[in-house]
Student: 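Below is one structure. I have some questions about it.
None of the values given here were measured: they were computed from a predicted structure.
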Amino acid sequence: MQLRYNYRMYPDALQRRALAKAFGCARVVWNDCLRDRKEAHEAGRPYVKSADLSRLRITQAKRTEQRAWLADVSAVVLQQSLRDLDTAYKNFFDSVGGKRKGRKVSPPRYKSRKDTRQSIRLVATGFSLRGSGRVYVAKVGEIKVQWSRPLPAAPTSVTIVKESSGRYFASFVVDIGPEPLPEMGTEVGIDLGLTTFAVLSDGTRVSSPGFLRRAEKKLKRLQKNLSRKAKGSNNRAKARIKVARQQAKVADRRRDWQHKESTRIIRDNQAVYVEDLAVSGLARTRLAKSVYDVGWTQFVNMLEYKAVKHGRYFGKIGRFEPTSQVCSACGAKDGPKPLDVREWTCKACGTVHDRDDNAAKNTLAAGRADRLNASQSAGKTRTRVPAQRDEAGSHRCGRTTVVGIPGREAGEHVKACPA
């Protein structure tokens with residue numbers, strides 16, 4: 001599997017200017033190639049091939065007076081910018097054609113020098129790791145890197161990113177093998193929420209840290225200070241960076257906490273089941289700030305890839321599964337309940353349920369049932385389907401998406417959902 005390892009970079013003044021030039025040249029190549037393809041499409045001409053764009057917008061453009069400065073940066077940066085454009089078009093075409101699952105992908109857009117995030121990508125011919133602990137980037141130099149942990153293998157590519165806060169990061173892509181953990185006999189269902197971030201079927205409750213809420217007072221002061229600055233002034237640019245840095249601190253704290261919690265859950269359980277939440281829909285309601293603050297999608301993605309890495313089983317149940325309406329003791333469906341009802345009594349068996357505990361137990365039961373059904377189907381058809389690498393989610397046909405490293409039994413392989 002492929003994983004990314006991010007490290008903070010500290011380029012000096014000359015290197016920052018060289019990186020700024022590389023960001024700009026990559027952006028110009030992207031925009032020029034995108035413009036050619038859009039003009040060809042509007043004129044009814046065939047799709048412009050990458051080889052023609054490379055020759056016209058990179059090789060020949062360097063010899064012109066208007067684009068002579070493209071030769072000041074590494075050719076790898078320019079070529080990879082074109083490759084990234086090809087990937088963006090492929091994702092768009094696959095989404096329109098139904099080959100790509102999930103939300104629809106928009107067509108590529110023009111990039112601006114005012115974008116809050118600037119980046120370049122280099123393959124192995126454009127960078128190298130030096131014995132001094134620095135990273136050499138072609139036509140930039142050896143950049144200081146803070147190695148928070150060693151790389152598990154030689155990287156195949158690196159993306160150098162400049163955030164809106166002014167921080168630089170090196171994101172290495174590394175091919176690694178599975179690192180299975182000792183097998184456990186426990187399985188867990190997780191009910192995600194806002195006040196209580198996660199309730200596990202074994203009774204464990206994880207409180208929501210509320211990193212954004214805790215930083216709101218300082219953010220409010222910084223944003224008020226930003227709004228008072230004149231547009232286009234240097235003071236406004238300085239104030240904007242202060243706001244971006246504070247937002248970056250909030251995101252870093254949230255990400256660090258989610259990594260620790262997701263690792264603990266994967267380490268302590270052989271199988272993990274969660275509900276597929278409509279996060280994008282909830283983010284359009286009055287709960288939007290709280291939904292973004294908890295970061296459900298990022299947390300579930302961490303559980304997903306760590307399950308693949310460590311040999312665990314990960315499954316999502318359908319978002320329309322009535323986990324809050326069914327009694328986990330007798331299975332009777334008691335009907336929908338408003339959100340302010342946190343505790344209820346089953347009319348069939350009289351069991352008193354905590355809403356979140358009951359939902360977590362039902363999530364575990366539904367996940368086990370889906371896994372058993374997939375096991376029986378795979379056993380009959382003798383179909384072995386590898387774990388999905390993309391984001392998991394409920395398909396339109398109603399089947400549950402499952403990801404994980406298959407075990408010894410054929411039941412842990414899932415038959416692919418028909419398109």
Side-chain angles (χ1 to χ4, degrees), residues 183-208 261-262 264-279 281-282 287 290-291 294 296-297 299-300 302-304 307 312-377 392-395 398-404 407 409 411-412 414:
E183 290 192 10
M184 304 290 293
T186 56
E187 298 182 352
V188 69
I190 304 176
D191 179 67
L192 298 174
L194 295 178
T195 305
T196 303
F197 176 78
V199 177
L200 279 58
S201 56
D202 60 6
T204 305
R205 306 178 80 88
V206 181
S207 299
S208 179
E261 288 297 325
S262 59
R264 181 183 61 81
I265 292 174
I266 291 295
R267 184 186 63 240
D268 297 342
N269 299 278
Q270 187 64 29
V272 178
Y273 307 98
V274 298
E275 185 179 3
D276 180 28
L277 297 172
V279 178
L282 291 171
L287 302 174
S290 298
V291 170
V294 293
W296 287 328
T297 301
F299 179 75
V300 172
M302 289 179 183
L303 290 174
E304 182 180 352
R312 300 308 200 206
Y313 186 93
F314 175 86
K316 275 188 177 181
I317 68 170
R319 65 181 56 173
F320 300 110
E321 192 75 27
T323 55
S324 298
Q325 303 178 26
V326 176
C327 173
S328 59
C330 67
K333 189 173 181 179
D334 201 43
K337 303 166 186 64
L339 289 176
D340 59 345
V341 177
R342 309 313 302 174
E343 191 175 279
W344 56 282
T345 303
C346 177
K347 298 177 181 178
C349 65
T351 305
V352 179
H353 292 292
D354 178 88
R355 182 190 184 103
D356 297 332
D357 288 333
N358 180 72
K361 293 176 182 178
N362 285 330
T363 300
L364 174 61
R368 284 174 170 171
D370 287 337
R371 185 179 183 183
L372 178 61
N373 292 337
S375 172
Q376 294 173 347
S377 175
S394 296
H395 292 188
R399 297 186 182 178
T400 302
T401 299
V402 179
V403 65
E409 298 179 0
E412 297 188 19
V414 184

Student: With rounding to the nearest 0.5 angstrom, report the CD to CZ distance, Glu261 to Arg264.
Tutor: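 It is 4.5 Å, given to the nearest 0.5 Å.
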
Student: Which distance, rounded to the nearest 0.5 Å, do you find between the OH of Tyr313 and the CG of Asn269?
Tutor: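 If I round to the nearest 0.5 Å, the distance is 14.5 Å.
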
Student: Taking all heavy atoms of Arg355 and all of Val341, pick out the closest pair and write down the distance.
Tutor: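 Taking every non-hydrogen atom into account, NH1-O, 3.2 Å.
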
Student: Between Tyr273 and Arg371, is there a side-chain heavy-atom distance shorter than 4.5 Å?
Tutor: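 Answer yes - side chains close enough.
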
Student: If every non-hydrogen atom of Ala348 is compared with every non-hydrogen atom of Cys330, which pair is closest and at what distance?
Tutor: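 Shortest heavy-atom contact: CB-SG, 4.0 Å.
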
Student: Is the backbone of Asp357 close enough, under 3.5 Å, to the side chain of Asp354 for a donor and an acceptor to pair up by distance?
Tutor: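 Between the backbone of Asp357 and the side chain of Asp354 there is a qualifying donor-acceptor contact (under 3.5 Å).
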
Student: With heavy-atom distances below 4.5 Å as the criterion, would you say the side chains of Ile190 and Ile265 are in contact?
Tutor: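 In contact.
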
Student: Which heavy-atom pair separates Asp191 from Ala359 by the least distance, and what is that distance?
Tutor: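 That closest heavy-atom pairing would be OD1-CB, 3.5 Å.
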
Student: Report yes if the side chains of Val291 and Leu194 come closer than 4.5 Å at any heavy-atom pair, otherwise no.
Tutor: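 Val291 reaches Leu194 side chain to side chain.
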
Student: Please find the pair of heavy atoms, one from Arg319 and one from Ala278, that lie closest to each other, and give the distance.
Tutor: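 Smallest heavy-atom distance, with atoms named: NH1-CB, 3.4 Å.
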
Student: Check whether any side-chain heavy atom of Leu282 lies under 4.5 Å from a side-chain heavy atom of Trp296, and answer yes or no.
Tutor: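 The answer is yes; the side chains approach within 4.5 Å.
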
Student: Against Leu192, only a single residue in Val206, Thr363, Val300, Val294 fulfils side-chain contact (heavy atoms from CB on, under 4.5 Å); can you say which?
Tutor: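 Output: one option passes, namely Val300.
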
Student: Which atom pair, heavy atoms only, marks the closest approach of Arg312 to Ile266?
Tutor: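 Smallest heavy-atom distance, with atoms named: NE-O, 2.9 Å.
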
Student: Enumerate the ring pair (Phe, Tyr, Trp, His ring centres under 6.0 Å) contacts for residues 332-366, please, sequence neighbours excluded, ordered by first and then second residue.
Tutor: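 Listed by first then second residue: Trp344-His353.
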
Student: Between Met302 and Ser262, which heavy-atom pair has the shortest distance, and what is it?
Tutor: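 Heavy-atom minimum between the residues: CB-OG, 3.7 Å.
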
Student: Kindly compute the distance separating CG (Asn362) from OG (Ser201), expressed to the nearest 0.5 Å.
Tutor: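 That separation rounds to 10.5 Å.
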
Student: Kindly indicate, with the supporting measurements, whether the criterion side chain to side chain contact (heavy atoms under 4.5 Å, CB included) is fulfilled by Ile317 and Asp370.
Tutor: CA-CA 8 Å; Ile317 68 170; Asp370 287 337; 4.1 Å; yes

Student: Listing request: all side-chain hydrogen bond (donor to acceptor under 3.5 Å, both in side chains) pairs with a residue in residues 320-343, at least two apart in sequence or in separate chains.
Tutor: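 Passing the test, one end in residues 320-343: Ser328-Asn358, Arg342-Asp356.
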
